[in-house]
Amino acid sequence: MTALLEPTRNADSQEFWDAMQQEKLLLQECGDCGALDFMPRHMCPVCWSPNRKWREASGEGTVHSFSIVRRASSPAFASRVPYVVVLIDLAEGPRMPSALVGDDALSVTIGDPVRMTFEARGEEKLAVFELAK
Amino acid sequence: MPEGTLRNSVAIVGVGESDIGKVPGMTGLGLNAQAAMRALEETGLKPSDIDGLLTAYSFTEPYFMLGSVMCEYLGIKPRFNASVIVGGGSPAVMLKHAAEAIAMGQAETVLICAGENRATGTSRDEAVAALLAVGHPYYEQPYGFSIPAFYAMIAQRYMHKYGLSREDLAHVPAVTRANALLHPNAHMKKPITPEDVLASKPIADPLHMLDCCLISDAGGAMIVTSPERAKDLKGQPIYLHGIGEHHTHEHLMCAPSLTEFGAKESSRIAYDMAGLGPQDMDFAELYDCFSIVPVLEFEELGLGKEGEGIAHWTSGAANVGGALPINTHGGMLSHAHAGAAGGLFGIVEAVRQLRGGLGARQVEGAEVGIVHNEGGILSSHCTLILGREPR
Ligand SMILES: [Zn+2]
């Protein structure tokens, strides 16, 4: 059985993943136009400013959409089916992909409020969500 | 180049399909070659007349520089060659690039081909594993997203917004299968009902196995040239009236919306170029990697009202013989899916419908048809309009 993927750091995402190990979710804010964005990158995708600032997210959000996966995406996930993948609309605005965990995860519907929690991946942590209701 | 100049810039003069289904004993390159030979046969041209080649990508035979590898395998030495990779959108985009090259005098006769031996060239699990690379490697893959799961999330959002029922969506694969049964080379040969779709293995809610495209061995090809050159050739030329692209994202996490995609804009460009509108279309060949996708595209192409597209399938209008037949060959749900060949077969079918003479599969009086290809997770879109006569 192959292992579940662990965070992969690169020059764009080093701080993002380092913060996640401290149980913090970082978003990038444009120092010029203020656009807030989930995927770490070298410049602002709206105005192309290189002026990037990290801003900590609250970890609150709602379910934009989801699917209950019945056939695993890879052998590493086979023992987890059925499991829930989600797109979360964070309270701050950006949308992020994640998984929904917890005993009641399969009862999820669109619009449900969620809060962030963390899952161990090897020595590291990965941000996941659970239903807040 | 201003919009409009690709109208009547090229004609498709030959189309070909390889053997389709499980075709042991054929490589992916061999399937491409078989389709290319059949396409060339329709034109009366010699291999040495091909001075341009465009192909896409292959998961089962992942050569670096696939375009050059294809030329080498086929023994041709063109002045125009590239591998175009925008996923399932590649065939339509390749047609656009070929039209641009021919219009600019940079090539005269271009072979466009794509295909893979996905059913027998690699194990099913390996093919699925390779396709996982479509998810973002750092931000999506760690959570276990599969390609069906991405499209399932789009389906969930659509159902939430418009109230589409799971039962109604099951009509799309059933209607598509009914059309495929009219095609002699379709991978699938047995009818299915909406109940069969609902009873098939659940993959990623709300999608079941029969909502998902096939895994086939298949290659497709077409030969494109100038309308002037087309007059001297053997087959009946089919003319490009309009073509447009629009690209909005690659990974679903970065999609601007889960209910509005780039097909609205790509089709607007194609309609404007052609000087035609949705009401002028006699049939549509829509990309159908999953059952929800042709419904979305049907609406974005303006062929039906937003949120009401499914009625086109439940009412029988999408069947051959219906008001506007959709995927008359059986699409990727029932005819074939093998990488970029899936979308190419939509173009092949449109050409055949416009030539006429398909018997029970023929759309009566077909003069103009529309084809849509998309790649990624509804990321890269290309729409084209073809017709029997230059306009
Ligand atoms: Zn900015």
Give, as side chain, backbone, both or neither, the part of [X] having an atom under 4.5 angstrom from any heavy atom of chain B.
X         : result
Val81(A)  : neither
Tyr83(A)  : side chain
Arg121(A) : side chain
Asn10(A)  : side chain

More than 12 non-hydrogen atoms from neighbouring residues, nucleotides or ligands closer than 6.0 Å to [atom1] on [X], yes or no?
X         : atom1 : answer
Lys305(B) : NZ    : no
Tyr162(B) : OH    : yes
Trp48(A)  : CH2   : no

Point to revise | Flag for Thr60(B)-Arg118(B): side-chain donor and acceptor within less than 3.5 Å | key: no

Practice item. Would you kindly say whether Glu15(A) and Trp54(A) are connected by a side-chain donor-acceptor distance under 3.5 Å? Key: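 Yes, because at least one side-chain N or O of Glu15(A) sits under 3.5 Å from a partner of the opposite role on Trp54(A).
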
Could you pull out the closest heavy-atom pair between [X] and [Y], with the gap in Å?
X         : Y         : result
His249(B) : Pro256(B) : ND1-CD, 3.8 Å
Arg9(A)   : Gln14(A)  : CD-NE2, 3.4 Å
Pro142(B) : Phe77(A)  : O-CZ, 3.2 Å

Check your understanding: Salt bridge or not for Asp18(A) and Lys24(A), using N-O below 4.0 Å?
Key ->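 The answer is no: the pair does not qualify as a salt bridge.
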
**Study point:** Inter-chain contacts: residues 193-204 of chain B against chain A, heavy atoms under 4.5 Å
**Key:** Lys201(B), Pro202(B), Ile203(B), Ala204(B)

**Study point:** side-chain hydrogen bond (donor to acceptor under 3.5 Å, both in side chains) between His381(B) and His372(B), worked out
**Key:** CA-CA 7 Å; His381(B) 295 264; His372(B) 188 79; 3.0 Å; yes

Flag the one option from [options] with the top tally of heavy-atom pairs under 4.5 Å to chain B.
options                                : result
Pro94(A), Ala99(A), Ser98(A)           : Ser98(A)
Arg95(A), His64(A), Met96(A), Arg80(A) : His64(A)
Asp37(A), Ile110(A), Thr8(A)           : Ile110(A)
Pro45(A), Ser13(A), Pro40(A), Pro82(A) : Pro40(A)

Check your understanding: Given that the side chain runs from C-beta out, which part of Ala255(B) has a heavy atom under 4.5 Å from chain A: side chain, backbone, both or neither?
Key ->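 For Ala255(B), backbone heavy atoms alone lie under 4.5 Å from chain A.
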
